[in-house]
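Just below is one structure, and these are the notes that go with it.
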Amino acid sequence: MFALVDCNNFYASCERVFNPKLQGRAVVVLSNNDGCIVARSNEAKQLGIRMGEPAFKIKDLLQRHKVAVFSSNYALYADMSGRVMQTLRQLTPFLEVYSIDEAFIDLRRFAPHTLPDFAQRVRQTVGQWTGIPVSVGVAPTKTLAKVANFYAKKSAEGVCLLFCDPDIEIALQQLPAGEVWGIGRQYEKLLLKNGVETALQLRQLSDDWVRQHFGIVGLRLVHELRGISCLPVQLFTPPKKGICTSRSFGRGVSDMAPLQEAVANFAVRCAEKLRRQQSCANLLTVFIHSNPFKPKLPQYSNSITLQLPVAAQHNAALIEQALGGLQKIYRTGFVYKKAGVYVSGIVPQSGVQGNLFGQQNPQGHEQLSKTIDALNQRMGRDTVRYAIQGYERVWKLRQEQLSPRYTTCWNELLTIG
DNA sequence: TCTGGGGTCCTAGGACCC
DNA sequence: TCTGGGGTCCTAGGACCC
């Protein structure tokens, strides 16, 4: 058996923990740049606010219903996620942190009759220790645990257990096929075209048909719906194979200087992420593009991928490549809206190959990066930075409704008085 | 005025090997 | 007249997830 623990309306719930007046009110959280709706409290969902809706299109609705609107506060959400996962880890070591707000638990070592109590205990403990409401779904496969969670969210207890077939069959019969984990828009369309509307009908399709249209991934999914477990819980997170840092800018940027500043900062973020997972990258891609939502302006979009002389993880090497790439793709006469840096060809830092001519990463860079990381960890991000990272930040995000970083910043602690 | 960011896996096709 | 069989690696594109 598997459990899926899923935080309810996670970002909106994080905002509520430190602002109890928001209980019972409609709350939404916006994407970067205050662009789209990315989280909604139940009250907001009832107002018909859709996921991914651009905020400016529903400005009137938000005002009319006095919806509490927040810019996304990832410092807060990441920390709260960590607290939820820590809490779960104290209840069981068999945990897979699947996303910022979800975790699977491998329940094989649990006696079946203890599972209802355990599921309730998970929910109550996380709620009490972190203030975040969670739903728990329990079933014989990960995919079915997702289904159980779907029903847990709708139930008063916040828990749903699907042990065996009469129950599972009823659950699948009432579930639209498009709600199944792994069925996205395209697959849903294809299913509907073939008269498959419910998860139960999906489960009854022949292996051959599924294999032909949805590939091996789809076949696994259908087997999982039948109760045959194909997806194990991953207790260890493997290192990432590609790492990207990109942002839309708060306003359009035409000049080279602010673009260089932005790209240098993105390169440093990528380097930090590489070091955190003890990896080095062989390839670096830089991309820039103008604003496709303004078709009347001249459009330009380009990217370039460069091979590093030696796989690296230190700031200087990545900045150098990123700026070199930017130099090659930059054109004057366009208003840029977004840029990013992507590193790939990732290898463990312990296994970096020198090149044939003995050129290695210069000694000292490794120590320098460690020292910079340690200082910035203590003193705050970018306290020590390369000059090119700058202080102007004309490209910075728009975040007009940002809540305090209650849990990660001394100056922003919650005060009561 | 105003439209996010970061990932995974699979597949098909081409270039190449013996 | 006649032109095999069995592989690997890489890449781009497309699906999916949160």
Side-chain angles (χ1 to χ4, degrees), chain A residues 4-11 28-39 50-60 62-63 69-74 77-78 81 96-104 142-143 146 149 177-191 210-221 224 230-231 234 237-252 266 269-270 273-274 277 282-283 285 287 289-297 303 305 307 335 337-346 397-401:
Chain A
L4 174 65
V5 183
D6 192 324
C7 300
N8 301 344
N9 315 326
F10 181 55
Y11 299 166
V28 298
V29 178
L30 306 177
S31 63
N32 273 342
N33 266 319
D34 296 345
C36 300
I37 308 285
V38 293
R50 281 176 313 173
M51 187 69 173
E53 183 87 334
F56 75 89
K57 287 189 179 171
I58 56 165
K59 210 172 150 194
D60 288 347
L62 294 173
Q63 277 177 355
V69 179
F70 291 92
S71 304
S72 40
N73 184 344
Y74 284 102
Y77 310 149
S81 171
E96 172 185 342
V97 177
Y98 174 69
S99 75
I100 195 165
D101 71 334
E102 280 173 84
F104 285 103
K142 277 179 150 183
T143 306
K146 277 267 188 187
N149 198 284
E179 293 289 340
V180 173
W181 189 37
I183 300 297
R185 276 209 191 81
Q186 301 304 314
Y187 287 173
E188 183 183 23
K189 228 187 281 175
L190 183 60
L191 286 171
V210 173
R211 171 73 234 235
Q212 195 191 332
H213 292 90
F214 297 155
I216 191 74
V217 180
L219 190 57
R220 276 202 288 259
L221 178 165
E224 284 245 322
C230 307
L231 307 168
Q234 289 217 298
T237 38
K240 294 191 192 321
K241 298 171 178 177
I243 290 174
C244 182
T245 304
S246 73
R247 292 289 178 275
S248 295
F249 303 140
R251 58 185 175 87
F266 300 158
R269 291 285 93 77
C270 286
K273 294 177 191 176
L274 281 169
Q277 67 163 26
N282 278 294
L283 300 169
T285 305
F287 63 87
H289 63 74
S290 51
N291 189 347
F293 293 107
K294 291 187 171 173
K296 285 179 187 161
L297 290 180
S303 75
T305 299
Q307 172 107 39
V335 180
K337 183 61 178 171
K338 183 171 177 173
V341 172
Y342 174 71
V343 292
S344 55
I346 289 177
L397 293 178
R398 201 174 35 249
Q399 293 182 303
E400 288 170 359
Q401 322 279 342

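Naming: A, B, ... by sequence-line order, numbering from 1 per chain.
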For A/Glu53, report the nucleic acid contact type (base, sugar-phosphate, nothing); a contact means any heavy atom under 4.0 Å. nothing
For the side chain of A/Lys146 and the backbone of A/Glu179, is there at least one donor-acceptor N/O pair under 3.5 Å apart? no
In whole angstroms, the gap separating C1' of C/dC16 from CG of A/Leu231 amounts to 13 Å
Restricting to side chain to side chain donor-acceptor pair (under 3.5 Å), what partner residues turn up for A/Asn9, sequence neighbours left out? A/Asn42, A/Lys45
Let's test your reading of the pairing rules: Watson-Crick or G-U wobble, both distances under 3.5 Å, then write DNA chain B as a dot-bracket string with ( ), [ ], | and dots. ....||||||||||||||
Between the side chain of A/Thr285 and the main-chain N/O of A/Thr305, is any donor-acceptor distance below 3.5 Å? no
How is A/Arg220 classified with respect to the nucleic acid when contacts are heavy atoms under 4.0 Å: base, sugar-phosphate, or nothing? sugar-phosphate
Could you state the atom-to-atom distance from CD of A/Gln212 to P of B/dC10 in whole Å? 19 Å
If the condition is side-chain contact (heavy atoms from CB on, under 4.5 Å), which residues does A/Tyr187 pass it with, not counting sequence neighbours? A/Ile183, A/Phe214
Can you build the contact string for nucleotides 3-8 of chain B? Use B for base contact, S for sugar-phosphate-only contact, and - for no protein heavy atom under 4.0 Å. BSSSSS
ring-ring contact (aromatic ring centres under 6.0 Å, His included) against A/Tyr74, all qualifying residues, sequence neighbours excluded: A/Tyr11, A/Tyr77
Side-chain N or O of A/Arg251 versus OP1/OP2 of B/dC2: is the shortest distance under 4.0 Å? no
Any side-chain N or O of A/Lys189 below 4.0 angstrom from OP1/OP2 of C/dA15? no
Just do the side-chain contact (heavy atoms from CB on, under 4.5 Å) check on A/Leu297 and A/Asn291 with the steps written out, would you? CA-CA 8 Å; A/Leu297 290 180; A/Asn291 189 347; 5.8 Å; no
Give me the distances for all protein-to-nucleotides 12-14 of chain C N/O pairs that come in under 3.5 Å?
none

Rounded distance (Å) that lies between atom C1' of B/dT11 and atom CZ of A/Phe214: 16 Å
Who passes ring-ring contact (aromatic ring centres under 6.0 Å, His included) against A/Phe10, sequence neighbours left out? none
With a 4.0 Å cut-off on heavy atoms, is A/Ile100 in touch with a base, just the backbone sugar-phosphate, or nothing at all? nothing
By the 4.0 Å heavy-atom rule, please label A/Tyr187 as base, sugar-phosphate, or nothing. sugar-phosphate
Phosphate contact (B/dC2 OP1 or OP2) by A/Lys294 side-chain N/O below 4.0 Å: yes
A/Arg269: which residues meet the salt bridge (charged side-chain N to carboxylate O under 4.0 Å, His left out) condition with it, sequence neighbours left out? A/Glu272, A/Asp382
What's the CG-P distance between A/Leu297 and B/dT1, to the nearest Å? 12 Å
Contacts of type ring-ring contact (aromatic ring centres under 6.0 Å, His included), residue A/Phe287, not counting sequence neighbours: none
Only counting residues at least two apart or in another chain, list the ones meeting side-chain contact (heavy atoms from CB on, under 4.5 Å) with A/Lys240. A/Ile243, A/Gln277
For A/Gln234, side-chain contact (heavy atoms from CB on, under 4.5 Å) partners two or more places apart: A/Glu96, A/Pro238
By nearest-nucleotide position on DNA chain B, the 5'-leaning member of A/Val217 and A/Lys59 is A/Lys59
Whole angstrom value for the distance that separates P of B/dC10 from CG of A/Leu219: 12 Å
Using the ring-ring contact (aromatic ring centres under 6.0 Å, His included) criterion, which residues pair with A/Phe266? Sequence neighbours excluded. A/Trp395
Using a 4.0 Å heavy-atom cut-off, does A/Arg211 contact any base of the nucleic acid, only the sugar-phosphate backbone, or nothing at all? sugar-phosphate
